[in-house]
Amino acid sequence: MSSSSSSSLYRRLHGLFAQNHKVTVKLKTDNPKTTSLIKSIKPTSKLPPKQQLQTIVDNFKKSSESPEFRSHYGNYLTAIHLLGNNSSAIEDIFDHQKQYPEISNEFFVIRLILLYGTAKMHEQARKLFDEMPNLKCQQTVFSFNVLLEACIRAEKYDTVRELFRDLPEELSVVPDVVSYNTFIKALCKAGSLDYAVSVMDEMENQGIKPDKVTFNTLSKAYNESKKFSEAEDLWLLMQKKNVVADLGSYSFRLRVLVANNKVNEAIELFEEMGKKDIIPNAFCYNMMIKMYVDDRNWEEAKRWYDKMVENGRYPDNVTFEMLISFACDKDNLDFALELCKKAMDSKIHVHDATMQRVVNGLAEHSKLEEEKELGPNHLRDTG
DNA sequence: CTAGGGTTAG
């Protein structure tokens, strides 16, 4: 273990490559009906694309006769992915659902509205929403909120603004905290951060207290636009309003401190989490490690990694990327290799380029070992 | 998976 000869290094490299090629992607197919749906495109792959689509649509309609099939959200999501951007095919199979009794169940319709959003079909989402009374389906603040969310997924932020302003009055629906949070999210995504913050006051005027989701949504937006001092103010406001911070709130806060290299405050915050029984996740440990990696402080970065493992938080791809690169920088190839092996054992994907650095480093190292073994004469000849 | 927030590195 003490001195690694070149031959043992090469054995390790071979092991590394052998495992590296075993990366597989597993398709999520827990439902047998979904599997058959996916399989249905294969036999028809020689057909023109138009007929392939028709096969999927027909297959889906046929499967829809089973209540069991209709109860699985995943089937509808799979259909959307299979049909891609063919909106008329998606509309066709969703319209087909109107003949089944579930269409009078608000939660069933909610799924379809959300899926329309995922497929970026906000107009169809709106149409289905408007049809709810005719379909003998209850229309509450739940479906209103989902319609807003569908428009966000379709990236129609102006539509969210219009709906939020006009619909509640039209339908006598009273917006709740989720409605406001969704509205704020849309404003953040549209870049109207100042307006989004002002909606908090509007909420309170309506007697709705901003909650941790409100603060986390705004905090995320401030983070993304690098407005760290505003994020700081928001954190203070959150304490002032006695909104209890959760793991997400602490994570955003930690990110701000690390971005500004406030080492002591970051450590303090991390300890505060422990006192409040909030268990730091891999992200929190990654932030601490990143802080020291940026500082080029190998000892502390390694110490936080050890702490992460001791506390049973599994290192993820980000942990490995950061530490393997840093270990290579520090010429600590044994540790780099150890991390590579650990990543592969845990089936965590590390970029080829990062792996390559380790392999190159080891190859270089073993060449030097060989040259040492060959003696100083050889070195003199080449140098 | 019967509505809303969840970040890093490359």
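We name chains A, B, ... by the order of the sequence lines, and we start the count at 1 in each one.
Taking the centre of each ring, F60(A) and F69(A) come in below the 6.0 Å mark.
Rounded to whole Å, atom C1' of dG6(B) lies 16 Å from atom OH of Y250(A). In this structure, the CG atom of D316(A) is 12 Å from the P atom of dT8(B), given to the nearest Å. Separating the CG atom of N281(A) from the P atom of dT8(B) is a distance of 13 Å, rounded to the nearest angstrom. Counting to the nearest Å, the C1' atom of dT8(B) and the CZ atom of F228(A) are 12 Å from each other. What separates CZ of R313(A) from P of dT8(B) is a distance of 20 Å, to the nearest Å. Atom CD1 in I324(A) sits about 13 Å away from atom C1' in dG10(B), given to the nearest Å. The interatomic distance linking L114(A) (CG) with dA3(B) (C1') rounds to 7 Å, in whole Å. Atom OH of Y180(A) and atom C1' of dG4(B) are 15 Å apart (whole Å).
The shortest heavy-atom contact between C188(A) and A196(A) is SG-CB, 3.9 Å. Of all heavy-atom pairs spanning L83(A) and I93(A), the tightest one is CD1-CD1, 3.9 Å.
Under 4.0 angstrom from either OP1 or OP2 of dA3(B) there lies no side-chain N or O belonging to R153(A). An OP1 or OP2 oxygen of dT7(B) is reached within less than 4.0 angstrom by no side-chain nitrogen or oxygen of R255(A). The side chain of K220(A) contributes an N or O atom lying less than 4.0 Å from OP1 or OP2 of dG6(B).
Here D176(A) lies in heavy-atom contact (under 4.0 Å) with a base. The residue N223(A) sits apart from the nucleic acid: no heavy atom pair falls under 4.0 Å. Using a 4.0 Å heavy-atom criterion, one finds that T217(A) contacts the sugar-phosphate atoms exclusively. Nucleic acid contact for V146(A): sugar-phosphate only, since backbone atoms but no base atoms lie under 4.0 Å from a heavy atom of the residue. Within 4.0 Å (heavy atoms only), E149(A) reaches sugar-phosphate atoms of the nucleic acid but no base atom. Contacts of D211(A) with the nucleic acid, taken as non-hydrogen atoms under 4.0 Å apart, include base atoms.
Judged by distance alone, the side chain of S172(A) and the main-chain N or O of P168(A) form no donor-acceptor pair under 3.5 Å. Using a distance-only test at 3.5 Å, with no hydrogens or angles considered, a donor-acceptor pair links the side chain of K209(A) to the main chain of K241(A).
Taking 3.5 Å as the limit, the base of dG6(B) and the side chain of D246(A) contain no donor-acceptor pair of atoms between them.
Closest contact between the side chain of K185(A) and the listed nucleotides dA3(B), dT7(B), dG4(B) involves dG4(B). For N317(A), the side-chain atoms get nearest to dA9(B) when compared with the rest of dA3(B), dA9(B), dT7(B). Side-chain proximity of H351(A) to dT8(B), dG10(B), dA3(B): nearest is dG10(B). Checking dG4(B), dG6(B), dA9(B) against the side-chain heavy atoms of K290(A) singles out dA9(B) as nearest. For V213(A), counting side-chain heavy atoms from C-beta on, the closest listed nucleotide (dG4(B), dT8(B), dA3(B)) is dG4(B). For Y73(A), counting side-chain heavy atoms from C-beta on, the closest listed nucleotide (dG6(B), dT8(B), dC1(B)) is dC1(B). Ranking dT7(B), dA9(B), dG4(B) by closeness to the F283(A) side chain, first place goes to dT7(B).
Applying the 5.5 angstrom centroid cut-off and the 30 degree plane-angle cut-off, the aromatic ring of F252(A) is not stacked upon the base of dT7(B).
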**OP:** Show your reasoning for whether salt bridge (charged side-chain N to carboxylate O under 4.0 Å, His left out) applies to E299(A) and R303(A).
**Re:** CA-CA 6 Å; E299(A) 283 70 29; R303(A) 201 175 67 81; over 6 Å; no
